[in-house]
Amino acid sequence: MTTENSAAENAATPPTDDLPEQLRIRREKRERLLAQGTEAYPVGVPVTHAITEVRATYGHLEAGQETDDVVGVAGRVVFIRIGGKLCFVTLQDGEGNRLQGMLSLAALGEEALAAFKTDVDLGDHLFLHGRVGASRRGELSIFADEWRMAAKALRPLPVLHKDLSEEARVRQRYVDLIARPAARDMVRLRAGVVRSLRENFHRRSFLEVETPMLQTIASGASARPFSTHMNAYDLELFLRIAPEIFLKKAVVGGVEKVFEINRNFRNEGADSSHSPEFAMLEAYEAYGDYNTIGALTKDLVQTAAQDVLGTTLVTLPDGSEYELGGEWANLRMYDSLSESLGEEITSDTSVEELEKIAGRLDVEVGNKKILNHGKLVETLWEHRVGDHLSAPTFVRDFPVETSPLTRDHRSEKGQVEKWDLYIRGFELATGYSELVDPVVQRQRFEAQARMAAAGDDEAMLLDEDFLTAMEFAMPPSGGMGMGIDRLLMALTGQGIRETILFPLVKPQA
RNA sequence: GCGCCAUUAGCUCAAUUGGCAGAGCAGCUGACUCUUAAUCAGCGGGUUCUAGGUUCAAGUCCUAGAUGGCGCACCA
């Protein structure tokens with residue numbers, strides 16, 4: 001260790017006089033352990049069994065039944081009961097599995113029992129050695145003949161019988177994970193979902209790739225990027241807003257079934273369904289289209305639900321249920337909007353007419369300068385139809401202006417072959433028949449550039465190397481993107497910050 | 001970005017009209033060999049988010065700021 005590190009450590013440990021009582025007392029206990037020659041943070045403890053192993057092997061013991069089997073177990077102290085000649089302690093593992101220890105004067109001796117009473121607190125990691133048995137009340141227990149501190153906690157645990165405040169949960173997720181079962185479950189559920197997605201793709205012979213996070217042009221979606229600077233090349237770089245451009249380059253190069261699960265960054269608002277960094281799945285399938293990729297997406301979601309929940313019937317926090325299984329509804333954007341308005345809306349409906357309808361319905365349409373047919377249709381559709389969707393629904397065939405990377409519809413003029421998947425009213429995924437004609441793609445980028453010039457700061461940027469790649473010919477393909485965090489939201493009914501282990505929080509003053 | 005609400009002990013929360021800052025858990029001391037949110041007796045613990053202001057007196061009222069939640073706008 002360098003002297004600098006030592007200085008930093010000392011600076012991080014303020015004089016004990018200034019600490020709140022409970023922190024000061026725990027530091028004093030640590031000092032006392034050290035003074036007695038006992039380590040507060042030993043390099044290890046002789047664990048022979050995990051808590052789950054003890055439960056699995058001895059769970060059948062009946063009240064009062066004891067064995068001669070000796071084990072060494074460790075866990076975090078989540079309950080402690082100090083008595084005269086008999087003490088109880090409950091150890092918990094990372095998954096929330098618990099096991100009781102009983103520490104008696106007879107088995108431990110006077111000195112060790114007294115030390116346990118004074119030195120062990122809620123929150124400590126504790127090692128117990130002793131015989132396995134069941135208490136008179138039937139609780140599976142270790143009858144300890146030895147205890148050791150495995151790691152001393154210097155801060156008290158929060159009350160375990162009440163949830164932490166929402167702020168404390170995200171600021172100190174490590175405490176939340178100790179205290180709240182739902183927080184522990186989310187971590188494991190998320191890992192299970194990502195695993196299910198990967199295994200599903202592998203079964204289908206998709207290759208997983210990793211494409212750049214740092215990009216010279218942030219393209220592939222309509223969003224404002226984070227920017228940064230690379231010193232070595234003196235270059236302005238952007239954190240990616242989507243992997244789309246690079247994944248399509250991979251398809252051009254012959255990686256014909258490809259997917260990526262990784263982070264996107266968007267420099268926009270944060271709320272219960274938006275995080276500045278979020279996990280995204282994108283997949284491309286050569287010789288597929290938006291129909292085949294829609295079927296794939298449905299299977300990914302339903303299989304993930306089955307794999308992690310054992311059912312496609314999701315139970316939400318308020319106790320209500322939501323069915324992800326079976327067939328999903330299909331709506332066409334123009335048809336469903338027309339039906340809702342009671343008047344025909346087509347790709348020929350003029351901007352003036354759409355503005356009139358928006359005005360009549362009191363729908364805010366945003367910056368007039370950058371309004372076009374597509375934005376108006378989508379805004380109207382969201383208010384009239386999208387906001388009322390609940391059951392899983394594919395919304396199909398979007399206006400061309402807002403989808404610069406999607407191919408023209410095979411039969412509907414002015415529309416593109418794109419769907420959005422709505423689950424519980426929010427957009428979970430999107431899918432395209434990919435635009436692969438490099439000449440049309442260039443025209444689409446030019447139209448985006450005109451929108452940018454008119455003041456649309458989310459218009460998509462032209463990527464010359466992407467167009468060059470397209471000129472080498474990309475096979476006809478279907479592509480999809482799905483928010484992993486949002487999939488977790490759909491499967492649990494929780495907000496996005498609960499699905500992310502360590503969401504971004506503003507520093508406190 | 002705009003609006004509304006909140007911020008009090010380690011944690012979760014009270015505090016009437018502006019009038020001595022409280023409870024439960026947690027902590028400390030003592031009792032207890034079957035507790036499991038133990039029980040009993042006693043004791044500590046506060047920059048009431050921050051900075052100003054009004055007032056004899058401010059957790060409470062006013063102004064500004066910080067952080068969080070909700071709604072709206074934007075976005076996925």
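The chains referred to below are lettered A, B, ... by the order of the sequence lines, with proteins before strands, and numbering in each begins at 1. Excluded from the calculations below are hydrogen atoms, water molecules and symmetry mates; all remaining heavy atoms, backbone and side chain alike, are included.
To the nearest whole angstrom, the two C1' atoms, one in B:C25 and one in B:G45, are 14 Å apart. For the C1' atoms, the distance linking B:A15 with B:G46 amounts to 14 Å, nearest Å. If you take atom P in B:G53 and the same atom in B:A58, they sit 12 Å apart, rounded to whole Å. Rounded to a whole angstrom, the distance from the C1' atom of B:C11 to that of B:G71 is 29 Å. B:A66 sits 15 Å from B:G52 when the C1' atoms are compared, rounded to a whole Å. To the nearest whole angstrom, the two C1' atoms, one in B:C5 and one in B:G42, are 41 Å apart. B:A23 and B:C34 are spaced 31 Å apart, taking the P atom of each and rounding to whole Å. Distance noted for atom P between B:A9 and B:U50: 11 Å (whole Å).
In this structure, A:Glu139 reaches the bases: a heavy-atom distance under 4.0 Å links it to at least one base atom across the strands shown. At the heavy-atom level, A:Ser222 lies under 4.0 Å from the strands shown only through sugar-phosphate atoms. At the heavy-atom level, A:Phe426 lies nowhere under 4.0 Å from the strands shown.
Taking the six-membered ring where the residue is Trp, A:Tyr58 and A:His60 present parallel rings, their angle staying beneath 30° rather than reaching 60°. Classification of the A:Phe394-A:Trp328 ring pair by plane angle, with boundaries at 30° and 60°, yields tilted.
For A:Arg486, counting side-chain heavy atoms from C-beta on, the closest listed nucleotide (B:A76, B:A26, B:C28) is B:A76. Distance from the side chain of A:Gln100 is smallest to B:U36 among B:A76, B:G10, B:U36.
At a non-hydrogen distance threshold of 4.0 Å, nothing from residues 107-118 of chain A comes into contact with RNA chain B.
Using a 3.5 Å distance cut-off with no hydrogens or angles, the side chains of A:Gln92 and A:Arg98 do pair a donor with an acceptor. Between the side chains of A:Arg407 and A:Tyr290, not a single donor N or O lies within less than 3.5 Å of an accepting N or O. Between the side chains of A:Asn97 and A:Arg55, no donor-acceptor pair of N or O atoms lies under 3.5 Å.
Counting only distance, with no hydrogens or angles, the side chain of A:Arg131 and the backbone of A:Thr67 share a donor-acceptor pair below 3.5 Å. Side-chain N or O atoms of A:Ser141 include one that pairs as donor or acceptor with a backbone N or O of A:Glu139 at under 3.5 Å.
Along RNA chain B, the nucleotide nearest to A:Arg26 and the one nearest to A:Pro156 differ in position, and the one closer to the 5' end is contacted by A:Pro156. RNA chain B is contacted by both A:His274 and A:Arg497; A:Arg497 maps to the nucleotide lying nearer its 5′ end (nearest heavy atom per residue).
The side chain to side chain contact (heavy atoms under 4.5 Å, CB included) test with A:Met482 singles out one residue from A:Leu421, A:Ile261, A:Leu197, and that residue is A:Leu197.
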Residue pair A:Trp419, A:Thr430: steps toward the side chain to side chain donor-acceptor pair (under 3.5 Å) verdict:
CA-CA 6 Å; A:Trp419 51 255; A:Thr430 188; over 6 Å; no
Dot-bracket, RNA chain B: Watson-Crick or G-U, under 3.5 angstrom, [ ] crossing, | other strand?
(((((((..((((.....[..)))).(((((.......))))).....(((((..]....))))))))))))....
